[in-house]
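Chain identifiers are assigned alphabetically (A, B, ...) following the order of the sequence lines, protein sequences preceding nucleic acid strands; residue numbering begins at 1 within each chain.
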There are 2 protein chains.
Amino acid sequence: MDLDAVRTFVAAADAGQFQEAAVELAVTQQAVSKRIAALERNLGVRLFTRTARGAELTIDGQAFLPHARELLRVAERAVASVRTGHRPLRVDIIASRGAASGLMRGFHRAHPEIELDVVMLFDIETAVAAIRSGAIDASFRAVAAPGRPLPEDIESVRVLDEPLQLLTGPAHALAGARAVTVAQLAGHRIWMPGIVPGTEWAAYYDDLVAEFGLTIEATGPNFGSDALLDTVADTPALATFMGEHTRLVWPAAHGLRRIPVTDPTPVYPHSLLWHRDNPHPALATLRAHLAATATGHDAAGTWTPGWVRPR
Amino acid sequence: MDLDAVRTFVAAADAGQFQEAAVELAVTQQAVSKRIAALERNLGVRLFTRTARGAELTIDGQAFLPHARELLRVAERAVASVRTGHRPLRVDIIASRGAASGLMRGFHRAHPEIELDVVMLFDIETAVAAIRSGAIDASFRAVAAPGRPLPEDIESVRVLDEPLQLLTGPAHALAGARAVTVAQLAGHRIWMPGIVPGTEWAAYYDDLVAEFGLTIEATGPNFGSDALLDTVADTPALATFMGEHTRLVWPAAHGLRRIPVTDPTPVYPHSLLWHRDNPHPALATLRAHLAATATGHDAAGTWTPGWVRPR
DNA sequence: CTATGTTCACAACTGTTGGTTGTGGCTGGA
DNA sequence: TCCAGCCACAACCAACAGTTGTGAACATAG
């Protein structure tokens with residue numbers, strides 16, 4: 001199906017005749033006639049009844065019309081999403097099911113009129129470069145890992161400290177615990193495939209391992225969280241870490257246990273990053289929203305790497 | 001923008017390379033390359049970064065992808081709306097803001113998974129023909145006007161008796177009344193442009209006029225309900241009838257009064273009509289929904305034309 | 001470092017398509 | 001009955017989208 005034909009259909013339906021639609025679209029009446037005929041041939045139904053006084057919609061045409069309008073609306077939005085200048089607010093998150101995703105959903109619920117696009121970049125370095133180039137407007141990341149301080153033109157504010165939980169299968173030694181201490185985790189195998197050295201999240205887990213003498217295995221190919229959950233569910237000796245706000249796909253994770261970690265509770269520090277000079281109005285709205293909805297987390301009993309600025 | 005190009009873009013994004021997308025789409029790799037290049041030229045941004053191992057999305061490409069998927073979904077639904085066979089339930093209503101429209105909204109809220117298309121046909125004769133031809137699945141109309149009994153293969157059930165209200169401007173003689181009797185309306189000018197003789201709604205108002213000696217003027221061109229409301233609001237000597245459930249566009253109707261009519265209350269009888277043999281599963285769901293949500297109206301003190309079967 | 005395989009892009013060619021102009025048929029109103 | 005207005009069909013032409021053939025860039029294995 002051709003969007004030009006759909007546009008022509010809508011114009012003709014609005015005008016009530018092909019001639020006027022042709023003028024509006026700056027083509028000849030014959031071109032409109034051909035476009036409509038082609039659309040009708042593709043759909044297999046008649047859309048107009050032609051009369052000597054114009055063309056009026058058939059019942060099929062009437063049913064098709066709102067769908068055609070919707071199609072043009074969506075096409076318009078799709079084009080707008082990559083239009084330089086006034087485009088939707090573009091935000092980078094670390095994972096589609098993570099805490100930042102939840103924050104953006106909350107923002108969308110509070111401001112459904114604001115157009116949003118969510119992307120997932122590789123690490124904070126990529127994100128900062130994208131922010132500085134204007135390719136994205138904001139990013140949810142942990143700052144600032146050693147050796148890569150934030151440039152001066154990038155601003156940031158901590159928006160969420162997300163406690164880590166232990167995720168185990170039903171047969172795991174700790175599966176029955178209401179909570180586990182970090183000390184208890186020493187000696188257990190914690191599996192987190194997909195950790196890429198050099199990223200800010202790898203730095204976080206490196207520090208966690210170094211400070212408490214944990215064993216985190218990043219070995220093996222990362223087949224995605226579904227495969228990870230399946231393996232953890234079936235393997236008594238394996239567990240993994242997962243943010244408290246991470247939404248799991250439960251049907252595939254049958255029997256999994258989420259166990260809080262204490263003494264101290266490792267928390268992942270999500271900050272919002274943006275460019276000092278970014279004038280996007282929705283960016284200010286997002287910042288205000290996050291500031292207003294931020295839950296006053298108690299830092300007592302929690303742990304973050306030394307390079308994370310205390311709140 | 002070309003939907004084929006969008007389809008190609010999504011296929012390439014999913015595959016991660018042009019070659020595989022080309023196989024999937026049954027074209028050559030070069031064709032995919034050209035389509036993507038054309039799409040990028042139209043949008044004015046790069047969507048992929050080409051590598052020796054395939055093609056991966058740029059940030060713009062990532063932002064565009066969900067919009068592209070949505071576009072294909074909507075296109076799919078648009079085509080489905082006119083597909084013979086298993087298409088959305090297609091229902092005729094008498095006016096987009098009338099009571100039947102409200103009933104369909106309620107049905108959609110209760111069953112959001114059911115695809116619906118709403119059309120507005122001219123009168124019950126057209127609607128019955130459309131039902132018998134299979135062009136629509138159901139219709140909300142008043143039955144059965146004199147001289148046109150329902151054919152045997154059309155079934156119907158009364159679903160709503162909608163009280164008529166008087167609509168006046170703030171300066172109208174009856175504007176201050178909490179309620180008016182039908183007898184009080186005699187002598188007042190009631191203006192209802194757009195009534196077409198021969199339709200079932202014209203028959204309804206004809207009977208109303210004949211029975212109570214009212215004055216209904218159907219003169220003048222019908223410029224739509226907005227213009228009607230504007231005129232009524234500004235003209236002290238004019239009033240009009242409107243169904244109790246009709247949703248008005250209030251900004252344009254400043255100062256309008258809706259006044260209940262009593263002794264008796266004229267009610268417009270909405271019935272659902274459908275073909276005896278229509279196998280559409282959603283039709284049964286609609287009938288069940290309407291039966292379950294029907295408000296038990298009290299017929300006492302109301303009036304309908306003699307040709308309307310009592311409930 | 002080279003050989004090889006894989007990927008995408010460019011060039012040349014071709015059939016199809018979508019546009020235009022010209023024309024004719026149909027229909028409603030003067 | 002004629003005219004005006006509208007749409008469809010035919011012929012023509014330019015632009016486009018597809019194909020084949022080929023080359024450049026890069027990753028990987030030897």
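- Rounding to whole angstrom units, CG of residue A:L47 and P of D:dC7 are separated by 15 Å.
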Listed pairs, N/O of protein and of nucleotides 10-15 of chain D, under 3.5 Å:
none

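- Here CD1 of B:I36 is found 5.0 Å from CZ of B:F18. Values are rounded to the nearest 0.5 Å.
- Using a cutoff of 4.0 Å between basic side-chain nitrogens and carboxylate oxygens, B:R141 and B:D123 are not scored as salt-bridged.
- Ring geometry for B:F241 against B:Y205 counts as parallel: the plane angle stays under 30°, on a 0 to 90° scale with 60° as the upper cut.
- Distance CD1 (B:I36) to C1' (D:dA17): 14 Å, rounded to an integer number of Å.
- In this structure the side chain of A:L89 never reaches within 4.5 angstrom of the side chain of A:D117, judged on heavy atoms.
- Side chain of A:D92 to main chain of A:L121: a donor-acceptor pair is present (N/O by atom type, distance under 3.5 Å, no hydrogens or angles).
- Residue-level contact check: B:V32 touches neither bases nor backbone, having no heavy atom under 4.0 Å from any strand.
- A:L39 is listed as a side-chain neighbour of A:M1, based on a closest heavy-atom distance under 4.5 Å.
- Separating the CD atom of B:E56 from the C1' atom of D:dA27 is a distance of 14 Å, rounded to the nearest angstrom.
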With the criterion being N/O to N/O and under 3.5 Å, what pairs connect the protein with nucleotides 5-8 of chain C, and how long is each?
residue	atom	partner	partner atom	Å
C:dT7	OP1	B:Q17	OE1	3.3
C:dT7	OP1	B:Q17	NE2	3.3
C:dT7	OP2	B:Q19	NE2	2.9
C:dT7	O4'	B:A52	O	3.1
C:dC8	OP1	B:F18	N	2.4
C:dC8	OP2	B:Q19	N	3.0

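- The distance from atom CZ of A:F48 to atom P of D:dC7 is 10 Å, rounded to the nearest whole Å.
- Checked for salt-bridge contact, A:E76 and A:R69 miss the test: no charged N lies under 4.0 Å from a carboxylate O.
- Scored by the side chain to side chain donor-acceptor pair (under 3.5 Å) test, B:E24 finds no partners at all (sequence neighbours excluded).
- When rounded to the nearest whole Å, the span between CG of A:D2 and P of D:dA17 equals 10 Å.
- Going from atom CZ of A:R46 over to atom P of D:dA8 covers 7 Å, rounded to whole Å.
- Between the side chain of B:T58 and the backbone N or O of B:G61, at least one donor-acceptor pair lies under 3.5 Å.
- Spacing between atom CE of B:M1 and atom P of D:dA17 amounts to 14 Å, rounded to whole angstrom units.
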